[in-house]
A.B. asks: 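The structure is given below, and queries will be raised subsequently.
Worth saying up front: this structure is predicted, and the values here are computed from it rather than measured. What's counted below: heavy atoms across the whole structure, side chains too, no hydrogens, waters or symmetry copies.
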Amino acid sequence: MKHQHITTHKLRFLLICAFYALLSFPLAAQSTTSGRPMIAGTADGLFGTDLQGRAVSFRGAGAVRKIAYSRGIWAVLGSEGIFISRDLQRWESRSQGLPVKTLKLFRDGEKSFLPMVQEIKDLKIHPTDANIMVCATKDRVYLTRNQGESWTNLGAPPYRTNGIKAVAAVHLPAAGRADALTVFLSHSTYGLFYIQPDLGGAQWTEISDGLETLETTGNADEVSDIAAVSGASATDIYVSQTFRHRIYKLDWVQKKFSVIWSDNTPFGTVDSLSAGSGSLRFLIEGQTAEITLPVTGVAAQMRTRQDLVQSINSFAARRNFTPNCFALRDSRRQNEITVLNELWLLSHDRIERTSAAAGKEGIYLPVNHAMENSSLQRYLDLISSRKLNMIVIDMKDDYGRIRFTPNNTAISDKGRVFRPLDIDALLRNFKSRGVYTIARIVVFKDPVLAARDGNKYAVWDRRNNMPWAGYFDTRQQAGTGAPEDSAYETQILPSTEPGFEILRTYYDERWVDPYSEEVWEYTAALATELHERGFDEIQFDYIRFPTDGVNLGDASYRWQENNMDMESAILSFLRHIRYRVRAPISIDIYGANGWYRTGARTGQEVELMAPWVDVICPMYYPSHFEQDFLTHDPAELRPWRIYYQGTLRTARIGRGQIIVRPYVQAFYLNVSYDRRFYGPEYVLHQVQGTREAGRGGLTYWNNIGRYDEVPE
């Protein structure tokens with residue numbers, strides 16, 4: 001083949017032309033933006049214009065989620081870590097010393113590992129000393145005094161659950177000192193804390209007095225952002241809340257917050273506080289706003305800043321991308337730099353409005369009820385009479401059994417086909433009625449796969465060198481023995497206490513290793529075939545680690561590699577599924593993991609999972625929360641409160657990237673609240689709360705298929 005010769009000068013010229021064509025920066029436009037930096041963080045990097053009006057294009061940070069600025073120093077937080085710059089042109093990585101998360105990749109039978117900086121929840125620059133920065137992972141705060149050349153681990157308050165949302169670093173007065181470095185953090189569950197690391201005996205101290213609490217809990221509701229405003233004589237601290245339209249100012253002497261702005265709506269998000277000398281800019285749903293500082297005596301008045309929204313929308317439209325964050329010189333505020341992060345708030349319901357998976361309301365259909373036409377007809381009539389449009393049915397059930405006959409023999413080799421449905425006929429029936437079909441796959445709770453190939457995939461019991469199974473022990477009189485009618489495996493053990501014995505009861509669960517790429521591939525093969533056979537959506541349940549058993553500490557994971565943690569395993573699995581499966585993907589999670597910003601115990605952290613799935617289905621069952629949770633008067637409205645707030649909270653934690661389609665409790669559980677209130681109104685309140693919170697849809701759950709309480 002004949003090659004064309006290109007000179008070095010010609011090549012350079014062509015590259016320059018391609019560069020500007022890619023970014024769509026006309027030369028005529030650049031001269032008009034000189035001195036007006038305007039940069040946007042996107043999924044593909046950082047783009048815009050710098051202080052001299054030159055084009056900015058920085059992809060090295062990966063997906064840029066947050067921009068920070070102070071005294072001539074720019075910092076961006078991306079999927080590849082933290083980077084800083086003085087001119088928006090030259091960037092340096094400043095992630096050395098921050099914790100690393102390792103993802104496992106499995107492509108075409110080949111395994112590899114992707115080290116990446118642990119998810120950074122927030123990044124702030126000190127308002128008067130740009131050498132000082134602070135950032136946080138889900139469970140640790142890190143401080144630098146040299147612009148990220150090195151980081152010091154400040155730890156976190158001594159709580160068992162993760163859930164850090166925001167951080168800040170300032171200098172404030174301390175006992176015996178004019179000022180001391182003071183670092184703040186907010187925790188999703190436990191409120192706001194501070195530490196002064198340069199003082200002797202420094203420890204994290206709660207400072208939540210005055211913040212609005214989550215009803216019946218006594219815990220301050222989540223603080224979304226922390227901003228420091230440095231004036232001529234003092235530095236003021238302002239905070240906002242994630243689930244309430246509230247902005248507070250801190251009285252540092254009294255260690256107490258007071259509300260300076262609220263519109264008293266029952267639910268709302270305030271985030272991305274951008275502090276200046278004369279105002280505080282912020283985001284609420286659909287708009288950018290500001291209040292004038294300082295606030296004296298009376299509550300501040302909010303003014304919308306439509307000009308900022310127009311600048312963002314115009315910039316994004318010209319370059320055809322959706323920005324995650326944005327920074328520009330604010331002409332209304334003495335040419336200060338305004339930084340706006342969390343831009344998903346400007347179109348927080350976009351997914352619900354556009355996705356084909358939204359607005360689906362239906363039932364979970366136990367697979368055995370679909371075996372006979374007479375049984376199935378009852379559910380078809382229910383769908384029609386209640387005007388439902390969706391069905392969820394098990395294709396791999398809680399016992400690892402495959403409930404259809406797969407064409408892919410690799411699926412049959414690992415699983416057990418049990419009483420298979422004719423899914424081709426079943427799907428034709430549903431589709432003729434316009435019913436949206438979802439195949440449910442139970443993933444990591446799987447006794448069939450756990451026993452395959454000499455227990456190769458099982459979670460392992462390190463103490464007894466055998467497959468692990470969770471159990472609980474009950475002390476009873478010697479000679480009582482095991483109950484004859486027990487539904488679970490039991491064992492009688494001697495007690496150290498004379499006259500007594502131990503009844504050991506094993507949970508009806510066996511687990512496979514969530515770190516195993518072979519388990520992922522088996523699951524992906526199932527999902528792929530089910531979508532090819534006609535299911536509209538694939539839903540995964542039990543994407544989590546085991547949580548029950550006094551022997552949970554004995555569980556070990558033989559497929560765990562390269563310092564992977566629970567979140568690494570779940571993320572690696574979801575990335576693999578997203579790569580292999582072309583259908584909409586939904587996942588089931590605990591209600592608490594959708595309510596709070598935490599993946600504690602299970603690894604199900606909504607904030608991390610949201611980019612890889614389409615739908616999240618929290619199980620906000622009122623019976624499963626603490627029985628006094630949100631039971632304030634009128635107590636019968638508790639199911640409405642849980643589903644209304646829960647649906648909105650999960651959507652906010654997921655940054656508007658996902659549809660929230662909760663499971664509705666259509667079953668009775670013998671707990672105190674259900675004994676008082678369960679019935680048709682109980683179920684109806686859940687439905688009303690979900691619908692008032694959004695358009696994501698809902699699924700009624702009753703594991704035996706009794707749906708008498710489904711409202712008309």
A.B. asks: Check this for me, if you would: do Glu607 and Lys138 make a salt bridge, where the nitrogen-to-carboxylate-oxygen distance has to be below 4.0 angstrom?
C.D. replies: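 Salt bridge absent between Glu607 and Lys138.
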A.B. asks: Is Arg403 paired with Asp397 through a side-chain N to carboxylate O contact shorter than 4.0 Å?
C.D. replies: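 Yes.
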A.B. asks: Anything under 30° is parallel, anything over 60° is perpendicular, the rest tilted; go ahead and classify His624 against Tyr621.
C.D. replies: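 The arrangement is perpendicular - the two ring planes meet at more than 60°.
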A.B. asks: Ion pair present between Glu521 and Lys414, side-chain N to carboxylate O less than 4.0 angstrom?
C.D. replies: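 Looking at Glu521 and Lys414, the cut-off is not met.
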A.B. asks: Could you go through the ring-ring contact (aromatic ring centres under 6.0 Å, His included) check for Tyr457 and Tyr522 one step at a time?
C.D. replies: CA-CA 11 Å; Tyr457 309 106; Tyr522 169 54; 8.4 Å; no
A.B. asks: Go through the steps for Tyr506 and Tyr471 under the test ring-ring contact (aromatic ring centres under 6.0 Å, His included), then give the verdict.
C.D. replies: CA-CA 4 Å; Tyr506 289 87; Tyr471 60 75; 5.5 Å; yes
A.B. asks: Mind telling me whether Phe58 and Trp91 have parallel, tilted or perpendicular rings, with 30° and 60° as the class edges?
C.D. replies: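 The arrangement is parallel - the two ring planes meet at less than 30°.
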A.B. asks: Between Thr650 and Tyr620, is any side-chain donor less than 3.5 angstrom from a side-chain acceptor?
C.D. replies: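 Result is yes, a qualifying pair exists.
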A.B. asks: Any ion pair linking Arg661 and Asp614 (charged N to carboxylate O, less than 4.0 Å)?
C.D. replies: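 Salt bridge absent between Asp614 and Arg661.
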A.B. asks: Indicate whether any N or O donor in one side chain lies under 3.5 Å from an N or O acceptor in the other, for Asn464 and Asp461.
C.D. replies: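 Judged by distance alone, the side chains do pair up.
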A.B. asks: If only side-chain N and O atoms count, and only distance matters, is there a donor-acceptor pair under 3.5 Å linking Glu518 with Trp520?
C.D. replies: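 Per modelled atom types, Trp520 and Glu518 side chains form no pair under 3.5 Å.
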A.B. asks: State whether Glu119 and Arg597 are salt-bridged, where the test is any N-O pair (Lys NZ or Arg NE/NH1/NH2 against Asp/Glu carboxylate O) under 4.0 Å.
C.D. replies: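 Salt bridge flag = no for Arg597 with Glu119.
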A.B. asks: I'd like to know whether Asp394 forms a side chain to side chain donor-acceptor pair (under 3.5 Å) with Tyr364, so could you lay out the CA-CA distance, the side-chain angles of the two residues, the decisive distance to 0.1 Å, and finally the verdict.
C.D. replies: CA-CA 9 Å; Asp394 288 337; Tyr364 163 75; 2.7 Å; yes
A.B. asks: Any carboxylate oxygen within less than 4.0 angstrom of a Lys/Arg side-chain nitrogen, looking at Asp422 and Arg428?
C.D. replies: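 Between Arg428 and Asp422 there is no salt bridge, as every charged N stays at least 4.0 Å from the carboxylate O atoms.
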A.B. asks: Tell me yes or no: between the side chains of Gln604 and Tyr590, is some donor less than 3.5 Å from an acceptor?
C.D. replies: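 Checked: Gln604/Tyr590 side chains show no N/O donor-acceptor pair below 3.5 Å.
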A.B. asks: Is it true that Arg90 and Glu92 make a salt bridge, defined as a side-chain N closer than 4.0 Å to a carboxylate O?
C.D. replies: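 Looking at Arg90 and Glu92, the cut-off is not met.
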A.B. asks: I want to know whether Tyr399 and Phe418 have ring centres closer than 6.0 Å.
C.D. replies: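 Ring-ring flag for Tyr399/Phe418: false, centres at least 6.0 Å apart.
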